Amino acid sequence: MRKAEIKRTTKETDITLAIDLAGGERMIDTGIGFFDHMLDSFAVHSGFGLTLLCKGDLAVDGHHTVEDCGIALGQALAQCLGDRSGIARFGQAFVPMDEALGFCALDISGRPYLVFDAPMPQPMCGGYDTCLTVEFMRALADNAGLTLHLKCEYGVNAHHITEALFKALARALKQAVTQTGGGVLSAKGVL
């Protein structure tokens, strides 16, 4: 089906998420404007339909909201991909955003691992704490079963760096989930 719906409720967040790898509408509201912008950019550049509504404990800060959205999105991707047969599996992309250049390489391997090399020159983008980008990416990788490498090659503006990374992730995922019609792309026969 390549579609999934996730409902995740904790004492910190209440999330409803729907994703369709074939495309569709985008509706995102997490209560953090900049994060919504990043998720919308992710959906646009991946070509995925994405509905993500989150009510989080923003009176504390944005950490639980951002991390839990990464968990839910990762779980939804894993559900969409099932046993991961018939997909390209690997993806990579460089994305320039003004002075910043972001890079993503990933493997839909079932083996979660994150390498994140993107220092953020400014601590905030609007109401979004830039240190949460790595938390989102870690939660996504862990729950989707991605080996995920993200790097900012250079850049001086945290907004541009973060946006380049989200767009690079989107383009790499779009490539990796492309249907090939074959079996599982592994010498072991399983992922």
Side-chain angles (χ1 to χ4, degrees), residues 2-10 12-21 26 28-32 34-54 56 62-82 84 87-93 95 102-118 120 125 128-152 161-178 191:
R2 293 173 59 93
K3 294 181 185 181
E5 293 185 14
I6 298 288
K7 177 77 173 148
R8 177 182 166 81
T9 303
T10 71
E12 298 165 339
T13 59
D14 185 8
I15 297 171
T16 303
L17 185 150
I19 190 168
D20 185 343
L21 302 188
R26 301 183 320 275
I28 297 154
D29 184 1
T30 66
I32 305 171
F34 181 79
F35 187 45
D36 292 352
H37 175 46
M38 293 302 98
L39 292 169
D40 188 58
S41 290
F42 168 81
V44 167
H45 290 275
S46 64
F48 301 161
L50 180 63
T51 299
L52 198 165
L53 307 174
C54 177
H63 189 285
H64 300 139
T65 294
V66 173
E67 183 177 40
D68 287 7
C69 285
I71 291 169
L73 183 57
Q75 290 172 343
L77 281 168
Q79 189 176 321
C80 284
L81 297 170
R84 298 152 197 254
I87 61 169
R89 180 178 163 182
F90 298 97
Q92 63 278 325
V95 171
F103 173 70
C104 176
L106 62 84
D107 176 8
I108 303 176
S109 63
R111 294 183 308 280
Y113 198 88
L114 175 66
V115 175
F116 187 89
D117 182 6
M120 296 291 171
C125 288
Y128 176 84
D129 187 338
T130 58
C131 75
L132 296 179
T133 303
V134 68
E135 301 301 330
F136 173 81
M137 298 301 181
R138 182 178 295 112
L140 176 70
D142 286 351
N143 287 275
L146 303 178
T147 300
L148 178 58
H149 293 247
L150 290 156
K151 181 175 178 60
C152 174
I161 292 167
T162 305
E163 191 162 348
L165 293 175
F166 269 84
K167 288 176 177 176
L169 169 68
R171 293 183 62 80
L173 261 176
K174 180 178 185 175
Q175 193 178 89
V177 303
T178 299
L191 289 174

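Being a predicted model, the structure only gives us computed values, none of them experimental.
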Roughly how far, to the nearest 0.5 Å, is CZ of Phe35 from SG of Cys125? 13.0 Å
Exam field: side chain Thr147 to backbone Arg111, donor-acceptor pair closer than 3.5 Å: yes
A side-chain contact here means heavy atoms from C-beta on lying under 4.5 Å apart; do Phe42 and Leu173 qualify? yes
Value rounded to 0.5 Å, distance of CD1 in Ile28 from SG in Cys54: 12.0 Å
Reported CG-to-CZ distance for the pair Asn143 and Arg8, which is rounded to 0.5 angstrom: 7.5 Å
Using atom types as modelled, flag every donor-acceptor pair under 3.5 Å from a side chain in residues 64-77 to any protein atom, sequence neighbours excluded.
| unit_1 | atom_1 | unit_2 | atom_2 | d |
| --- | --- | --- | --- | --- |
| His64 | ND1 | Asp57 | OD1 | 3.2 |
| His64 | ND1 | Asp57 | OD2 | 2.8 |
| His64 | NE2 | Glu12 | OE2 | 3.3 |
| Asp68 | OD2 | Thr13 | OG1 | 2.6 |

Can you name the closest pair of heavy atoms from Gly102 and Ala168 and give their distance? O-CB, 4.2 Å
Which atom names give the shortest non-hydrogen contact between Pro112 and Ala141, and what distance separates them? CB-O, 3.4 Å
Quick note, salt bridge (charged side-chain N to carboxylate O under 4.0 Å, His left out) partners involving residues 35-45, not counting sequence neighbours, are Arg26-Asp40
With the side chain counted from C-beta on, respond yes when Val134 and Leu114 share a heavy-atom pair under 4.5 Å apart, and no when they do not. yes
Between Leu17 and Leu50, is there a side-chain heavy-atom distance shorter than 4.5 Å? yes
Do Ile6 and Ile15 come within less than 4.5 Å of each other through their side chains, counting heavy atoms only? no
Got more than 12 heavy atoms from elsewhere within 6.0 Å of CZ, Phe116? yes
All pairs passing side-chain hydrogen bond (donor to acceptor under 3.5 Å, both in side chains) where residues 43-53 contributes a residue, at least two apart: none
What one should report as the nearest heavy-atom pair of Cys104 and Leu150 is CB-CD2, 3.6 Å
Quick one: closest heavy-atom pair of Arg84 and Gly145, and the distance? NH1-O, 3.5 Å
With sequence neighbours excluded, what pairs up with Gln92 under the side chain to side chain contact (heavy atoms under 4.5 Å, CB included) test? Phe103, Ala105, Gln175
What's the separation between atom CG in Leu169 and atom NE2 in His149, rounded to the nearest 0.5 Å? 13.0 Å
Partners passing side chain to side chain donor-acceptor pair (under 3.5 Å) against Thr178 (at least two apart in sequence or in another chain): none
Rounded to the nearest 0.5 Å, what separation is found between the OG1 atom of Thr133 and the CE atom of Met120? 4.0 Å
Close side-chain approach of Leu146 to Ile108, heavy-atom, < 4.5 Å: yes
Test item: Lys3 and Phe48 side chains (from C-beta on) under 4.5 Å apart, heavy atoms: no
Once you round to the nearest 0.5 Å, how far does CG of Leu106 lie from CE of Met137? 10.5 Å
According to side chain to side chain donor-acceptor pair (under 3.5 Å), who are the partners of Asp29, at least two apart in sequence or on a separate chain? none
Is the ring pair Phe34/Tyr128 parallel, tilted or perpendicular, if the boundaries are 30 and 60 degrees? tilted
Just so I know, are the side chains of Ile87 and Arg2 near enough to count as touching, which here means a heavy-atom distance under 4.5 Å? yes
